**Student:** 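Below you'll find the structure I mean.
From a predicted model like this one, the values you see are computed outputs, not experimental measurements. Values below: every heavy atom of this structure, side chains too, minus hydrogens, waters and symmetry copies. Throughout, protein chains are lettered first and strands after them, A, B, ... in sequence-line order, and every chain is numbered starting at 1.
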There are 2 protein chains.
Amino acid sequence: MIPMTTEDNNDALNERHRSRMQRKKAVVDAKIAAATDVRGVLLVNTGNGKGKSSSGFGMVIRAMGHDMQVGVVQFIKGAIPTGEERFLRRFPEQCSFHVMGEGYTWETQDRTRDIEKAQAAWACARELLNDPTVGLVLLDELNIALKYHYLDEQTVLADLRARPPAQHVVITGRGAPPELIDAADTVTDMTLVKHAFSQGIQAQPGVEL
Amino acid sequence: MIPMTTEDNNDALNERHRSRMQRKKAVVDAKIAAATDVRGVLLVNTGNGKGKSSSGFGMVIRAMGHDMQVGVVQFIKGAIPTGEERFLRRFPEQCSFHVMGEGYTWETQDRTRDIEKAQAAWACARELLNDPTVGLVLLDELNIALKYHYLDEQTVLADLRARPPAQHVVITGRGAPPELIDAADTVTDMTLVKHAFSQGIQAQPGVEL
């Protein structure tokens with residue numbers, strides 16, 4: 001028997017790759033053909049790992065790249081100006097940016113004031129959710145306001161259901177309530193594998209801030 | 001015994017909240033005090049859920065908001081122009097954007113060509129990883145190129161280790177190899193809870209594209 005050369009091996013590998021990819025393409029194409037519904041989607045980013053808010057902001061610029069109007073409401077956060085806020089405030093004609101929090105719950109330590117702030121933030125969110133010219137709304141850290149019962153969950157769910165049919169909404173924060181997960185179309189649990197902070201690395205501009 | 005009024009109840013609730021938040025603040029503050037290391041971090045977004053690339057793009061604008069120079073290299077992706085590409089190409093002086101892929105592996109079905117493309121993309125990535133003026137580099141879908149062995153993992157790891165000490169790098173894609181996870185400072189597994197696509201909803205501009 002003549003031993004296979006490297007080239008023969010490579011040809012065999014390439015051929016196996018092609019036929020595997022052809023089978024995969026058939027599966028993917030069938031799924032794409034089945035997904036015919038076009039409507040605004042409700043996305044929830046929850047879990048203890050990094051990436052919930054940043055993924056929301058990635059979708060904000062994705063939408064802006066398609067010339068959509070976008071709106072951002074930041075619940076809870078607000079004590080520290082962030083890079084995303086500084087950046088997106090450059091585009092007031094395309095992105096309406098509302099920082100409505102005063103800091104994490106363990107910083108404010110004032111439940112009554114936190115509730116007032118959360119309710120003002122929801123009033124602001126509701127305006128965006130009523131505006132069919134807004135293509136995507138990011139409700140950053142809303143899950144925290146729900147988890148602490150700063151907002152009435154049923155009101156929030158009803159307002160989300162009543163939004164314009166083509167409008168996309170992204171909700172972020174740890175501890176998304178089960179009813180919100182039920183109502184959502186796409187849910188990701190950002191699962192912590194490891195975090196630089198736990199290894200003694202400071203939160204840094206461009207990464208966490 | 002005089003029954004508690006609603007106001008008393010609320011006062012008690014507020015007081016419990018305050019003391020719980022004071023304890024939480026002490027824990028958080030101690031962690032912040034312990035995290036004194038300032039250096040470029042290596043972040044990996046992996047897993048089967050949505051949010052890996054979008055989180056990377058959120059960090060890109062976060063860094064841009066802090067007036068950092070950023071670089072993006074897209075491995076694999078490239079067949080379909082995306083919103084994030086359209087948006088970020090508006091800022092050529094601050095963001096160098098390189099689309100180096102030709103589409104998903106099941107679309108190209110050509111291993112030899114995929115390898116050539118991945119290696120050209122790595123040459124481009126290496127230039128960014130050699131440039132200390134670039135504060136953050138996003139290597140989008142690099143994990144896919146590693147998973148298919150389109151690139152030599154040891155070369156990639158060595159180039160990442162040799163980058164400027166203050167430079168942040170975000171790597172995305174399913175199936176991050178274990179050695180990359182070991183090398184990273186922050187790793188998130190974007191765990192799929194559910195996805196609109198599986199419920200018959202098309203990939204839409206501003207959300208997936």
Side-chain angles (χ1 to χ4, degrees), chain A residues 14 17-18 21-22 24-25 28 34-39 41 45 49-51 53-59 61-66 68 82-87 105-107 109 111-112 135-136 168 181 185-197 199-202 204-207, chain B residues 14 17-18 21-22 24-25 28 34-39 41 45 49-51 53-59 61-66 68 82-87 105-107 109 111-112 135-136 168 181 185-197 199-202 204-207:
Chain A
N14 287 346
H17 177 88
R18 191 186 343 264
M21 290 305 134
Q22 277 170 350
K24 185 157 184 174
K25 180 171 165 55
V28 173
T36 53
D37 201 0
V38 176
R39 60 172 171 84
V41 294
N45 296 339
K50 183 170 169 55
S53 297
S54 52
S55 167
F57 283 105
M59 271 179 278
I61 64 153
R62 185 169 280 173
M64 288 173 78
H66 291 289
M68 290 158 73
T82 57
E84 54 271 35
E85 179 188 350
R86 286 186 58 186
F87 183 79
T105 47
W106 57 88
E107 292 293 346
Q109 301 181 9
R111 191 174 156 272
T112 306
L136 184 139
H168 307 301
I181 290 176
D185 303 296
T186 295
V187 179
T188 308
D189 186 284
M190 270 68 177
T191 304
L192 176 78
V193 178
K194 58 177 158 173
H195 198 295
F197 185 59
Q199 296 153 65
I201 300 174
Q202 267 184 31
Q204 283 169 89
V207 182
Chain B
N14 288 346
H17 177 88
R18 192 187 340 266
M21 290 305 134
Q22 277 171 349
K24 186 156 184 177
K25 179 168 165 59
V28 173
T36 53
D37 202 0
V38 176
R39 60 172 172 83
V41 294
N45 296 338
K50 180 167 172 57
S53 297
S54 52
S55 167
F57 283 105
M59 270 181 278
I61 63 154
R62 186 169 281 174
M64 288 172 79
H66 291 288
M68 290 158 73
T82 57
E84 54 271 33
E85 180 188 350
R86 285 186 59 188
F87 183 81
T105 49
W106 57 90
E107 292 293 345
Q109 300 182 11
R111 190 173 157 273
T112 306
L136 184 140
H168 306 300
I181 289 175
D185 303 295
T186 295
V187 179
T188 308
D189 186 284
M190 270 71 177
T191 304
L192 177 78
V193 178
K194 58 177 159 173
H195 199 295
F197 184 59
Q199 298 154 65
I201 301 175
Q202 267 184 32
Q204 284 168 90
V207 181

**Student:** Passes side-chain contact (heavy atoms from CB on, under 4.5 Å), B/Asn45 versus A/Met190? Steps please.
**Tutor:** CA-CA 9 Å; B/Asn45 296 338; A/Met190 270 68 177; over 6 Å; no
**Student:** Which of the residues B/Val38, B/Val28, B/Thr186 is involved in the greatest number of heavy-atom pairs with chain A at under 4.5 angstrom?
**Tutor:**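 Of the options given, most contacts go to B/Thr186.
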**Student:** Determine the option with the most heavy-atom pairs under 4.5 angstrom with chain B, choosing from A/Leu136, A/Ile181, A/Leu192.
**Tutor:**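 The option with the most such pairs is A/Ile181.
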**Student:** If you count heavy-atom pairs under 4.5 Å between each of B/Arg86, B/Arg111, B/Arg62 and chain A, which one has the most?
**Tutor:**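 The answer is B/Arg62.
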**Student:** Using a cut-off of under 4.5 Å for heavy-atom pairs, which of A/Gly49, A/Gly51, A/Pro205 has the most such pairs with chain B?
**Tutor:**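 Result: the option with the highest number of such pairs is A/Pro205.
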**Student:** If you tally heavy-atom pairs under 4.5 Å against chain A, which of B/Val187, B/Asp189, B/Val41 wins?
**Tutor:**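 With the most close heavy-atom pairs to chain A, the winner is B/Val187.
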**Student:** Specify which of B/Gln22, B/His66, B/Glu85, B/Lys24 makes the most heavy-atom pairs with chain A at under 4.5 Å.
**Tutor:**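 Of the candidates given, the most pairs with chain A belong to B/His66.
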**Student:** Please classify the contact between A/Ile201 and chain B as side chain, backbone, both or neither, with a heavy-atom cut-off of under 4.5 Å.
**Tutor:**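 Interface part for A/Ile201: both.
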**Student:** Against chain A, label B/His168 side chain, backbone, both or neither, depending on which of its atoms sit under 4.5 Å from a heavy atom there.
**Tutor:**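 The side chain, not the backbone.
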**Student:** For A/Val193 versus B/Thr188, what's the shortest heavy-atom pair and its separation?
**Tutor:**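 The pair with the smallest heavy-atom distance is CG2-C, 4.3 Å.
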**Student:** Could you tell me which portion of B/Met68 (side chain, backbone, both or neither) has an atom closer than 4.5 angstrom to a non-hydrogen atom of chain A?
**Tutor:**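 The answer is the side chain of B/Met68.
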**Student:** Which region of A/His17, side chain (C-beta onward) or backbone (N, CA, C, O), has a non-hydrogen atom less than 4.5 Å from a non-hydrogen atom of chain B, or is it both or neither?
**Tutor:**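 Just the side chain, heavy atoms under 4.5 Å.
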**Student:** Kindly compute the distance separating CG (B/Asp37) from CD (A/Gln199), expressed to the nearest 0.5 Å.
**Tutor:**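 If we round to the nearest 0.5 Å, B/Asp37:CG and A/Gln199:CD are 9.5 Å apart.
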**Student:** Residues two or more places apart in sequence or in another chain: which of them pass salt bridge (Lys or Arg N to Asp or Glu O under 4.0 Å) with A/Arg18?
**Tutor:**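 Once residues adjacent in sequence are excluded, the partners of A/Arg18 under the salt bridge (Lys or Arg N to Asp or Glu O under 4.0 Å) criterion are A/Glu15.
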**Student:** Chain B: which of A/Lys50, A/Glu84, A/Lys194 shares the most heavy-atom pairs with it under 4.5 Å?
**Tutor:**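 Counting heavy-atom pairs under 4.5 Å, the top option is A/Lys194.
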**Student:** Non-hydrogen atoms of chain A under 4.5 Å away: do they reach the side chain of B/Gln202, the backbone, both or neither?
**Tutor:**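 B/Gln202 touches chain A through backbone and side-chain heavy atoms alike.
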**Student:** What option among A/Gly58, A/Gly83, A/Gly56 has the most heavy-atom pairs under 4.5 Å with chain B?
**Tutor:**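 Option with the top pair count is A/Gly83.
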**Student:** So, A/Ser55 versus B/Ser54: side-chain donor-acceptor pair below 3.5 Å or not?
**Tutor:**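 Short answer, yes.
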**Student:** At what distance, to the nearest 0.5 angstrom, does CZ of B/Phe57 lie from OG1 of B/Thr82?
**Tutor:**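 B/Phe57 CZ to B/Thr82 OG1: 6.0 Å, rounded to 0.5 Å.
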**Student:** Of all residues at least two apart in sequence or in a different chain, which pass the side-chain hydrogen bond (donor to acceptor under 3.5 Å, both in side chains) check with A/Ser53?
**Tutor:**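 In terms of side-chain hydrogen bond (donor to acceptor under 3.5 Å, both in side chains), with neighbours along the sequence ignored, A/Ser53 is linked to A/Lys77, A/Asp140.
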